[in-house]
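Everything on this sheet refers to the single structure shown next.
Sequence lines set the chain letters: A, B, ... in the order given, protein chains first and strands last, and positions in each chain run from 1. No experiment lies behind these values; they were computed from the predicted model shown.
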Amino acid sequence: MRVNGRTRMEIDQLGDWRRTHYSIDVKPELDGKEVVVLGWVRDIRDLGGIRFVILQDREGTVQITVLRGKTSKKVIEKADSLQTQFSIGVKGTVKKTKMTPRGIEIIPSEIRILGIAQHPLPLDVTGRTPAEIDTRLNARVLDLRRDESQAIFKIEHVVLEAMRNFLSEHGFVEVHTPRIIASATEGGAALFSVAYFEHEAFLAQSPQLYKEQLIMSFEKVFEIGPFFRAEESHTRRHLSEFISVDIEEAFATATDVMKVLEELVHHVCKAVAEGCRKELETLKCKVDVPRIPFKRFTYDEILKELKKEGTTVPWGEDISTPAFRTLGKIHPYFYFITDWPTKSKAFYIKPRDDNPDLCGGFDLMWRWIELASGGTRVHSKDLLIKRLKEQGLHPESFKFHLKVFDYGMPPHAGWAIGLERLIMMLTGKKNIRDVVLFPRDRFRLTP
RNA sequence: GCCCUGGUAGUAUAGUUCGGUCUAGUAUAGGCGGCUGUCGCCCGCCCGACCCGGGUUCAAAUCCCGGCCAGGGCGCCA
């Protein structure tokens, strides 16, 4: 049998080999010590009598140096049969040297080939030859070995960890609401339908109604999880499946949860700026820790600003994407937009007591992108029914939700932030697909 | 859903304006050979592509029509 144009080599067993060090932990102090490193072949440079194999693991790379004259025949044969992206294990001795940038190399005593890679590969992991996003997503697992991809998802991990810590420390309880629901939670966005035994069900577009119900016992809740929108949108910032970070708090108003939101964003930016220096450098990206509180503008003030720039938005209408792009140029960082017209926001956002045409809804903007939205919620059953009707929805289809208002619904408020959009902002990526492991959009369902 | 742009080796590109010189160029990857200190190693040789279907023409990668796919924009949204 032939693979890659040559005789198929034996695949070795991992056996009792376990990693003793990640690549970056192999340091000059270990000179003379035996180590076992595991990973993938990033690069091979063969100079004839000497062959350099660069091994990559999730933390970095380390050089394996094979000297033809001084190494056993068996090791040389193995080293010669390696190709890039093979999964391998190397047992060898650390050698201090001035010949490598990191000051060390590993002289192998045994190499094990643990998994082969079929060549030619669909993309270049070293990044010397670029690949387009479509090509990269089709070969996503290989693409995820690129330094840039690794950096993005390391940052995402740090963000999620920072968010969970922050919210837990502020007394929020993590909850999970159903993904499979009987009917629309908000109206508005289109839903995916699923066959649910003998019924039709839908994939949840938001945890909105459930999180409101949960504050009736837990008071402060948060949820991080995927939600689904069957929108036809095909843009750089929309997905069919996205991660929403939601909070809801009892006995609170928009003002209270806006404070939580800006403190959270501040905390997250700080965690990334301090904890992901290497990753930000890889991405050639800078994260400025924002000053809090963020600027707050009312909807009316925003309309006036836009008018000055020559963009007229009729009062009560939502702000168009081109108008938001204009705003992004005026306000190049974080800012809130408050006091929206009631009719432009969802039925569960509370109209103001002193002026029912305005409501307690807000958006958190980053430049021209809507990062989060939230508000004070309606907690009166009668008002909620009235609002449902005004939005053209049928109170009958919300009867299970309306029923809980008979059990002592407190005033409450909350928000939701689009995780991927936040990650885009922190990583400087212009396409949301870059920051999702396996994105789902209007035209992509695989891999 | 609508609008715009594009589709050339595994990948990324040149060529398309104005049809012929394209037997389709380059880089990288891949194969073979050489090289004992590389770190985007180097050198030589080789392999490999015009999205699909139809049309115009003496002649189509190039022009026209349809399809599929991709990227961007809009509306909607987070």
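- Residue side chain A:Glu132 does not reach the base of B:G71 through any donor-acceptor N/O pair under 3.5 Å, judged by distance alone.
- In this structure, A:Gln83 reaches the B:G31 phosphate: one of its side-chain N or O atoms is under 4.0 Å from OP1 or OP2.
- When the P atom is compared between B:G15 and B:G67, the two are found 28 Å apart, to the nearest whole Å.
- Along RNA chain B, the nucleotide nearest A:Asp124 and the nucleotide nearest A:Gly69 are compared for position; the residue whose nucleotide lies closer to the 5' end is A:Asp124.
- Across all strands shown, B:G55 is found opposite B:C63 as a Watson-Crick or G-U wobble partner, with both distances under 3.5 Å.
- A:Arg136 comes within 4.0 angstrom of no nucleic acid atom, judged by non-hydrogen atoms across all strands.
- For A:Ala131, taking side-chain heavy atoms from C-beta onward, the closest of the listed nucleotides B:A12, B:A78, B:C39 is B:A12.
- One C1' atom belongs to B:U8, the other to B:C51, and the distance between them is 10 Å to the nearest Å.
- Taking only side-chain nitrogens and oxygens, A:Asn431 comes nearer than 4.0 Å to OP1 or OP2 of B:G72.
- When both pairing distances are held under 3.5 Å, B:C74 makes a Watson-Crick or G-U pair with B:G1.
- Straight-line distance between the P atoms of B:G1 and B:A61: roughly 33 Å, to the nearest whole Å.
- To the nearest whole angstrom, the two P atoms, one in B:U26 and one in B:G37, are 30 Å apart.
- When heavy atoms are screened at a 4.0 angstrom cut-off, A:Arg42 is found touching no nucleic acid atom at all.
- Ring-base stacking between A:Phe242 and B:A78 is satisfied, the centre separation being under 5.5 Å and the plane angle under 30°.
- Between A:His234 and the phosphate of B:G71, there is a side-chain N or O to OP1/OP2 separation shorter than 4.0 Å.
- Using atom P as the reference point in both B:G10 and B:G20, the two lie 26 Å apart (nearest Å).
- Put simply, the side chain of A:Arg421 reaches to within 4.5 Å of the side chain of A:Glu370, judged on heavy atoms.
- Taking the side chain of A:Phe443 as heavy atoms from C-beta on, and the options B:G37, B:A70, B:G75, the nearest nucleotide is B:A70.
- Residue contacts for A:Asp46: at a heavy-atom cut-off of 4.0 Å it reaches a base atom on one of the strands shown.
- The pair A:Arg236-A:Asp434 does not meet the salt-bridge criterion, since no charged nitrogen lies less than 4.0 angstrom from a carboxylate oxygen.
- Only one option out of A:Tyr299, A:Phe336, A:Phe294 pairs with A:Phe362 in a ring pair (Phe, Tyr, Trp, His ring centres under 6.0 Å); it is A:Phe336.
- Residue A:Leu371 is classed as a sugar-phosphate contact, given heavy-atom separations below 4.0 Å to backbone atoms only.
- A close approach under 4.0 Å does not occur between any side-chain nitrogen or oxygen of A:Arg229 and OP1 or OP2 of B:C76.
- Remark: the separation of the P atoms in B:A78 and B:U17 is 47 Å, to the nearest Å.
- Taking 4.5 Å as the limit, some side-chain heavy atom of A:Arg387 sits within range of a side-chain heavy atom of A:Thr342.
- Figure legend: A:Arg179 and A:Phe227 shown as a cation-pi pair, the cationic atom lying under 6.0 angstrom from the six-membered ring centre and within 45 degrees of its axis.
- A:Arg236 comes within contact range of the sugar-phosphate backbone alone, with a heavy-atom separation under 4.0 Å but no base atom that close.
- Nucleic acid contact class of A:Ser320 (heavy atoms, under 4.0 Å, all strands): sugar-phosphate only.
- Note on A:Phe227: nothing from the nucleic acid sits closer than 4.0 angstrom, heavy atoms only.
- Partner assigned to B:G19 is none, using Watson-Crick or G-U wobble distances below 3.5 angstrom.
- Each of A:Asp318 and A:Gly49 lies near RNA chain B, and the nucleotide nearest A:Gly49 is the one positioned closer to the 5' end.
- For the pair A:Thr135 and B:A12, the criterion of a side-chain N or O lying under 4.0 Å from OP1 or OP2 is met.
- Residue A:Arg45 places at least one side-chain N or O under 4.0 Å from the OP1 or OP2 atom of B:C41.
- Ring geometry, A:Tyr335 versus A:His331: the interplanar angle falls from 30° to 60°, so the pair is classed tilted.
- The side chain of A:Pro120 approaches B:G30 more closely than any other nucleotide in the set B:G75, B:U38, B:G30.
- In summary, A:Asp143 and A:Arg140 engage in a salt bridge, as defined by a charged side-chain N under 4.0 Å from a carboxylate O.
- The side chain of A:Arg325 places an N or O atom within less than 4.0 Å of a non-bridging phosphate oxygen (OP1 or OP2) of B:C74.
- Considering only side-chain atoms of A:Thr97, the nucleotide from B:G30, B:G1, B:G37 that sits closest is B:G37.
- Taking atom C1' on both nucleotides, B:C22 is separated from B:A59 by 13 Å, rounded to a whole Å.
- Side-chain atoms of A:Thr135 and A:Asn138 form no donor-acceptor pair, as typed in the model, at a separation below 3.5 Å.
- Proximity of A:Thr321 to the phosphate of B:G73: no side-chain N or O atom is located under 4.0 Å from OP1 or OP2.
- Contact annotation for A:Leu47: base contact, defined as any heavy-atom pair under 4.0 Å involving a base atom.
- One C1' atom belongs to B:U28, the other to B:C18, and the distance between them is 33 Å to the nearest Å.
- Contact annotation for A:Pro122: backbone-only contact, meaning every heavy-atom pair under 4.0 Å involves sugar-phosphate atoms and none involves a base.
- Within 4.0 Å (heavy atoms only), A:Ser244 reaches no atom of the nucleic acid at all.
- The nucleotide whose nearest atom lies closest to any side-chain atom of A:Thr129 is, among B:A12, B:C76, B:G71, B:A12.
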